[in-house]
Every structure is written in C-alpha cells, then in structure tokens.
Amino acid sequence: MARKDVVKKWLDIVEQDLKVAELNHNHGYWLYAAFLCHQALEKTLKAYWVATHDDDPPFTHSHTRLLNGCGLIDSLSDEQLRFITLIEPMYIEARYPEQKLDAAKMLNKEASRYILNKTNELIQWIEQKL
C-alpha cells in the first residue's frame with residue numbers, strides 16, 4: 001500500500017474516533033470521549049509519521065514520544081504542551097480498572113468539552129503541517 005494511502009487510512013479512522021467521541025460526550029460518557037480523543041490524536045501523529053518518515057510509527061500510545069519522533073514537539077505552544085500533559089493519561093488500559101476510575105474523577109461535562117475542542121484544534125494544526 002502506498003504511504004499516502006496509509007496516511008489517508010489513519011486519518012479516516014481519526015474522523016470516526018472524533019465523531020464517536022462527540023457522541024460519548026453528548027451522552028455523558030466523558031471518560032470514553034476523552035479516551036477517543038486520545039486515540040484520535042495518537043492516530044493523527046502516526047499519520048504524520050507515515051507521511052514524513054520512511055519507517056512505520058512505533059507501537060506506542062505516548063503522544064510525547066510520537067511528537068518527539070515526528071520532530072513536532074519543539075513547535076508546540078505552551079498551551080499545546082499543557083494539553084498533551086492533560087490528555088496523555090486518558091489512554092486507558094482495560095486491565096487496570098483503578099486507572100479508569102482515577103481518570104474518570106478528573107472529568108465532567110466542561111472538561112470533556114475542553115478536551116474535544118483542544119483535540120480538534122491540535123489535530124487541525126498537525127494536519128496543516130502535512
């Protein structure tokens with residue numbers, strides 16, 4: 001598969017993740033909205049990686065690692081860096097229920113909306129660099 005097709009495939013999934021995140025937010029499932037925002041951002045970074053590297057992105061859920069590998073970390077604003085610090089822990093491994101509970105305590109309707117908005121802004125910023 002051509003690299004541009006792989007990039008498109010990643011970005012198509014990002015679009016689906018964001019739609020489902022919005023649905024979860026609208027129904028009060030803020031933890032799952034935040035998780036899907038995490039996933040959408042991760043996949044956007046992996047699309048960027050594929051578009052700008054000759055190798056495949058690493059198997060990681062770390063936005064920081066992906067941003068570093070993509071060479072984008074130094075281009076982020078302080079606000080964007082703070083957002084990365086907020087969203088990175090929203091990756092929830094199913095085998096750790098206590099992690100799920102800790103993340104859920106941080107979320108409410110306003111926090112969920114903030115995460116959705118900032119995720120969309122950061123994804124647009126990354127896509128403009130493609």
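Owing to the predicted nature of the structure, the values given are computational and were not obtained by experimental measurement. Nothing fancy with the numbering, it's 1 onward along the sequence.
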field: Verdict with supporting geometry, M90 and L107, side-chain contact (heavy atoms from CB on, under 4.5 Å)
entry: CA-CA 10 Å; M90 294 302 150; L107 296 169; 4.2 Å; yes
statement: For A111 and M106, the nearest pair of non-hydrogen atoms, with its separation, is CB-O, 4.0 Å
- prompt: If you draw a 6.0 Å radius around OH in Y114, do more than 12 non-hydrogen atoms from other residues or ligands fall strictly inside?
  reply: yes
message: Applying side-chain contact (heavy atoms from CB on, under 4.5 Å) to K109 and H25, what does each step give before you reach the verdict?
response: CA-CA 7 Å; K109 187 175 186 175; H25 168 79; 4.0 Å; yes
- request: Quick one: closest heavy-atom pair of N24 and A33, and the distance?
  value: CB-N, 3.8 Å
Atom pair CD1/CD of I84 and Q80 - distance to nearest 0.5 Å: 8.0 Å
- request: For A47 and L11, work out which heavy atoms get closest and say how close.
  value: CB-CD2, 3.8 Å
statement: What one should report as the nearest heavy-atom pair of K43 and V14 is CB-CG2, 3.5 Å
message: Please determine whether residues V6 and L130 belong to a single hydrophobic cluster, defined as Ile, Leu, Val, Met, Phe, Trp and Tyr linked transitively by side-chain heavy-atom distances below 4.5 Å.
response: yes
message: Please report the interatomic distance CZ(F59) to CZ(R65), rounded to the nearest 0.5 Å.
response: 10.5 Å
- request: Applying side-chain contact (heavy atoms from CB on, under 4.5 Å), run through T85 and T64 and close with a yes or a no.
  value: CA-CA 9 Å; T85 302; T64 302; over 6 Å; no
field: Cluster link F35 to I115, ILVMFWY, side chain under 4.5 Å
entry: yes
- prompt: How about L81 and I73: do any of their side-chain heavy atoms sit closer than 4.5 Å?
  reply: yes
task: Report yes if the side chains of L36 and T119 come closer than 4.5 Å at any heavy-atom pair, otherwise no.
output: no
field: Test log, rule side chain to side chain donor-acceptor pair (under 3.5 Å), inputs T44 and E127
entry: CA-CA 8 Å; T44 303; E127 287 178 343; 5.0 Å; no
- request: Determine, for R82 against E79, whether the closest basic-nitrogen to carboxylate-oxygen distance falls under 4.0 angstrom.
  value: no
statement: Given the options K9, Q16, K8, D12 meets side-chain hydrogen bond (donor to acceptor under 3.5 Å, both in side chains) only with K8
- request: Locate the shortest heavy-atom distance separating W125 from S75; write the atom from each residue and the value.
  value: CZ2-O, 3.6 Å
query: What's the spacing between I126 CD1 and L45 CG if we round to 0.5 Å?
result: 4.0 Å
message: What I want to find out is whether R113 reaches E22 closely enough, with some N-O distance under 4.0 Å, to be called a salt bridge.
response: yes
task: May I have the step-by-step check of side-chain contact (heavy atoms from CB on, under 4.5 Å) for L66 and L41, ending in yes or no?
output: CA-CA 10 Å; L66 291 166; L41 182 54; over 6 Å; no
query: Can I87 be reached from Y48 by stepping across I, L, V, M, F, W or Y side chains whose heavy atoms are under 4.5 Å apart?
result: yes
- request: Kindly work out whether a path of hydrophobic side-chain contacts (I/L/V/M/F/W/Y, heavy atoms less than 4.5 Å apart) joins L86 to L122.
  value: yes
Heavy-atom side-chain contact between Y91 and Q39 under 4.5 Å: yes
- prompt: Could you state the interatomic distance from CD1 (I123) to SG (C37), rounded to the nearest 0.5 Å?
  reply: 7.5 Å
task: List the steps and the verdict of side chain to side chain donor-acceptor pair (under 3.5 Å) for D56 and W49.
output: CA-CA 7 Å; D56 292 332; W49 186 293; over 6 Å; no
query: Any donor-acceptor pair under 3.5 Å linking the side chain of R3 with the backbone of T52?
result: no
message: Strictly distance-based, threshold 3.5 Å: is any side-chain N or O of E42 a donor or acceptor partner for the main-chain N or O of S62?
response: no
query: Just by modelled atom types, is the N108 backbone N or O under 3.5 Å from a matching donor or acceptor in the S112 side chain?
result: no
- prompt: Does a side-chain heavy-atom distance below 4.5 Å link H38 with H63?
  reply: yes
